[in-house]
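Shown next, in structure tokens, is the structure this report addresses.
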Amino acid sequence: MTHPVPASHDASLAHAQSFWRTWVFSTDHKTIAKQYMFTGLALALVGGFLAYVIRMQLASPGRPVPGYGAVGPGQYNAVVTLHGTIMIFWVAMPILLAGLGNFLIPLMIGARDMAFPRLNMLSYWIFFISTVILLVSFFVPGGAAAGGWTTYPPLSDRAINSGVDLGVTLWILAVALEFAAFLMGGINFIVTAINNRAPGMRLFDMPLMVWMEVAASIIFLFSVGPLIAGAVLLLLDRTANTGFYDPARGGDPLLFQHLFWFFGHPEVYVILLPGFGAVAEILPVFARKPVFGYRMIVYSTIVTGVLSFIVWAHHQFVAGIDPRLATPFSITTILISVPIGITLFAFIATLWRGSITLQTPMLFALGMIAVFLLGGVTGIHNGVPATDIYIHDTYFVVAHFHYALIPSVFFAFFAAFYYWFPKMFGRRTNEWLGQLHFWGTFVFMNVTFFSMFLLGLMGHHRRISNPHFFEALRTPEADRLQWIATIGALGLLAAQIALIANLILSLTRGVRAERNPWRANTLEWTVESPPPHGNFATLPLVRRGPYEYSAPGRSEDYLPQDAPA
Amino acid sequence: MQYARAAHIEHESTEVPTGRLGMWWFLASEIVIFGGLITIYVLFRWRHPEWGAESSHTINAAGGFNTLVLLTSSLTVVLAHKAVSEGKLGEAARLLGFTLLGGAVFLCVKVFEYTHEIREGFLPARSLFWSFYYTMTGLHALHVLGGMVAIACVLVAVRRGKIPHRVEYVGIYWHFVDVVWIFLFPLLYLTS
Amino acid sequence: MGLESWLPKAASSFAGDVDWLLGFITWIVGIWFLAAEGILIFFVLRYRRRPGVRAAYVPARRLRAMAFVLVPCAAILGFDLVIDAVAAPIWHRIKETLPPAQETIRITGEQWAWRFRLPGPDGRLDTADDIEVVNELHLPVDAVVQFELTAKDVIHSFWMPEMRLKQDAVPGRTIRGWFQPTRVGHYEMDCAQICGLGHTMMKASVVVESREAYESWVREKAGSAQVTSREEGPESR
Ligand SMILES: [Cu+2]
Ligand SMILES: [Cu+2]
């Protein structure tokens, strides 16, 4: 039996629409991708400003920060809390997962849109509302949440404990809405990749970017549920006077930590994998070589995803859990170095005997690997319980996770941004500004965060507003390191001016981009730049995998996925 | 039976219709939320055998009756799906109506239970057991309500002969709501 | 290694082990890190595009080719296991065992101070001559100190950098642990877990001194505790 195809639903695909339907309440995955991306980048400015406040305060404690004013201890707590929250949930997630995922998944698998375009639009607008709630929480009486981005109860449980009331409630609400948005977005990604691939495209013909986005969405989906439950309990503790986390009433504060990190560790991979995906697309194009061991990378990604669910307690070695749990969790934790190592080494091996050009996207992709390596290996220091006793909650950890996250969130995203910019906006970016942006970011990133490893070893613990209060941190060496980190951070922020200038310049006067400026294989390069609503005039017929570069016996050094042999 | 596709999907890579796939993954995310909550409760319950005394104040008869109501309403949704595949849209709409009725009865009984318990002094903040009781049954009741709204929308559309394939999807969802209750009922009402 | 020059002076019996392990791990991962960076940079320089030279077609679909990646990663696995094997006994000694106490103290974190209760001259806790002090603690050098750690309001973290010791203090739980100060001197004990407005200011000074000096301090402070019974609060688990 056949039912008529509902025509009203998407007759919109072809003809012109009003301003509102085109730019604001659009169901086009490409527009939604840009909305996520620009919201995320705008919030990156907020998060970056907070980082500036932190660095200025630590370098010269007590002196008013230009552009902000004097930072009291309560404000300092709010600033570090919101810096972490924004950078993870409102920058990394929207630009990497939602932004790149939305733009690329349908284009790369040869679909006209996401499986559920209206759900996709709804996801963005829920995310947008959560953003507004978060920003409003800065200005409510009592100030913004100030219990760290991990919001451990009992500190976050009762207003009396942290001195912040409404701010924390809004924070929980914003994060919960944000999770709901990304859950729905993730379901869309997963279903689209499973079911809407172009004819001929098997699972193992999908570009690694698609694999990584889908893997990240699945990891997110399965890890966030318990934390959503935990957040509901926290909200009830705050509003309905229950005592789920209150030990005096039989509750357990450590419960929240387990729920938080059961999500929190996989979340690292939710952010990292899309970054890896971008690098995996860019390296073959700029080395003119197939990615080394495509299936091996897919399988090691799956292993990483599975392992990431059984490592969470490495955040809690000294948190009061049974000490006998530490060694088993440590073993699973540092085992992750194996699948991650496979992926990174496969990336490096892709360069071997390649024909490499160092344009901006490639520089950022290589920078991602180079920087992430240090973040990765210092994870061992944290993952081993005996050394974690010392470095837990110090700046060593801060340095470690910035070395792990900045390459994924910023280097990989910038690589992707410069690489796909011609496709997104139909114009080329300025190469000179791009190179300046890369070198500025790369150099100042290392200046900022390497000094933090040393400060951490000296005993600088986290979230203190005045290091001079402690003998070990009053020394000239410590002060010098603080200043180096602060100057690095200022330089890192200043380097982003090159990005903004490039963005404005390229959008207004950039050279028009042809369909396939990088001579790449994946399907998004077979359509116009920018692609029209509906993407493909006719659905492509996929004939091969995505990485056939420099195949023997051909004069061209690339072979698009849908090109007849 | 063939499923209608949205215009932007010309090609499906698997045998499974896109909508059903979406519903499965949506339920997967719901399962981890409820799964997390139930696991937390069970771990607490393990540590606090004395909660058995508290749980004896729940109304087993009401809970048992509600279990039957939900099971029956799940049955009618299955029959509605069968009716759709046989092309009997009118009958499907009527059966969906029965499911809606079941949901409404369930919620009424739940409201009766809540008012009774609150009058007896068993408020959410009274003890951890009651906090869990209200949180879990409340979250479940919200899902029942959400399911009823979805079913009502589909019912109206099916009456007009539209989107009959969605009967299956709301059906899957309703079964999930049913299964969650089958976990909650013994855990909150019966074990002592 | 050079790490020691950055770390604060070690002052407990197990501090040396922790420092050694930090150095050991840093050596292992440092060599891997430098090797990987070296190869990365070498490849980028060596395989820059040159006219007329085409890239090799190496998709690495077969295990033989993948071995270039898999074998080093098998080696990583080996190093992982070595690190685990070396680290587990150190953790076991510090956190999973409780050597017989020569001194017992009770530590309570609260917003925003550390409160210490010591047995006093009679050597037993919860008696009339108990000592209670806030943000200042004296300990005899070389004595094995057992502590019972708890928190009053929110989570705090007991952290003495020189002792290489950190342990969260959780309301509702009493966590036992130990350390053995081995060096006379003044030390700071901070709170390493964000705990509200006064988190930065939450700091106690710890004086490790000779047995005689310690005992005279104990006599001076004896009986300073107001309550004799165990402080009421959530039961320990
Ligand atoms: Cu982790
Ligand atoms: Cu504290």
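Letters go in sequence order (proteins before strands), and every chain restarts at 1.
- Only the backbone of A/Ala287 comes within less than 4.5 Å of a heavy atom of chain C; no side-chain atom from C-beta onward does.
- For A/Pro153, the part lying under 4.5 angstrom from a heavy atom of chain C is the backbone only.
- For C/Leu63, the side-chain contact (heavy atoms from CB on, under 4.5 Å) test picks out C/Met66, C/Leu70, with sequence neighbours left out.
- Heavy atoms closer than 4.5 Å to chain C are found nowhere in A/Leu455, neither backbone nor side chain.
- There is no contact between A/Phe347 and chain C, counting heavy-atom distances below 4.5 Å.
- Here the side chain of C/Glu188 pairs a donor or acceptor atom with the backbone of A/Glu471 at under 3.5 angstrom.
- The part of C/Trp32 that comes within reach of chain A is its side chain, from C-beta onward, which places non-hydrogen atoms under 4.5 angstrom from that chain.
- Proximity to chain A (any heavy atom under 4.5 Å) is shown, for C/Lys95, by both the backbone and the side chain.
- Scored by the side chain to side chain donor-acceptor pair (under 3.5 Å) test, A/Tyr294 finds A/Trp211 as partners (sequence neighbours excluded).
- Side chains of C/Asp84 and A/Ser330: a donor-acceptor N/O pair is present below 3.5 angstrom, by distance only.
- Heavy-atom distances place no part of A/Ile297 under 4.5 Å from chain C, backbone and side chain included.
- For the pair C/Arg46 (side chain) and A/Arg353 (backbone), a donor-acceptor distance under 3.5 Å is absent.
- Side chain of C/Trp159 to main chain of A/His392: no donor-acceptor pair is present (N/O by atom type, distance under 3.5 Å, no hydrogens or angles).
- Within the 4.5 angstrom heavy-atom criterion, atoms from both the backbone and the side chain of A/Phe317 approach chain C.
- Contact annotation for A/Ala146: only backbone heavy atoms (N, CA, C, O) come within less than 4.5 Å of a heavy atom of chain C.
- Of the atoms belonging to A/Tyr390, heavy atoms from both backbone and side chain fall under 4.5 Å from chain C.
- The parts of A/Arg324 that come within reach of chain C are both its backbone and its side chain, each placing non-hydrogen atoms under 4.5 angstrom from that chain.
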Given the rule in the side chain to side chain donor-acceptor pair (under 3.5 Å) test, do C/Ser157 and A/Asp393 qualify, once you have shown the distances and angles that lead to the verdict? CA-CA 9 Å; C/Ser157 191; A/Asp393 270 337; 5.2 Å; no
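- Looking at C/Arg173 and A/Asp252, a side-chain N of the basic residue comes within less than 4.0 Å of a carboxylate O on the acidic one, giving a salt bridge.
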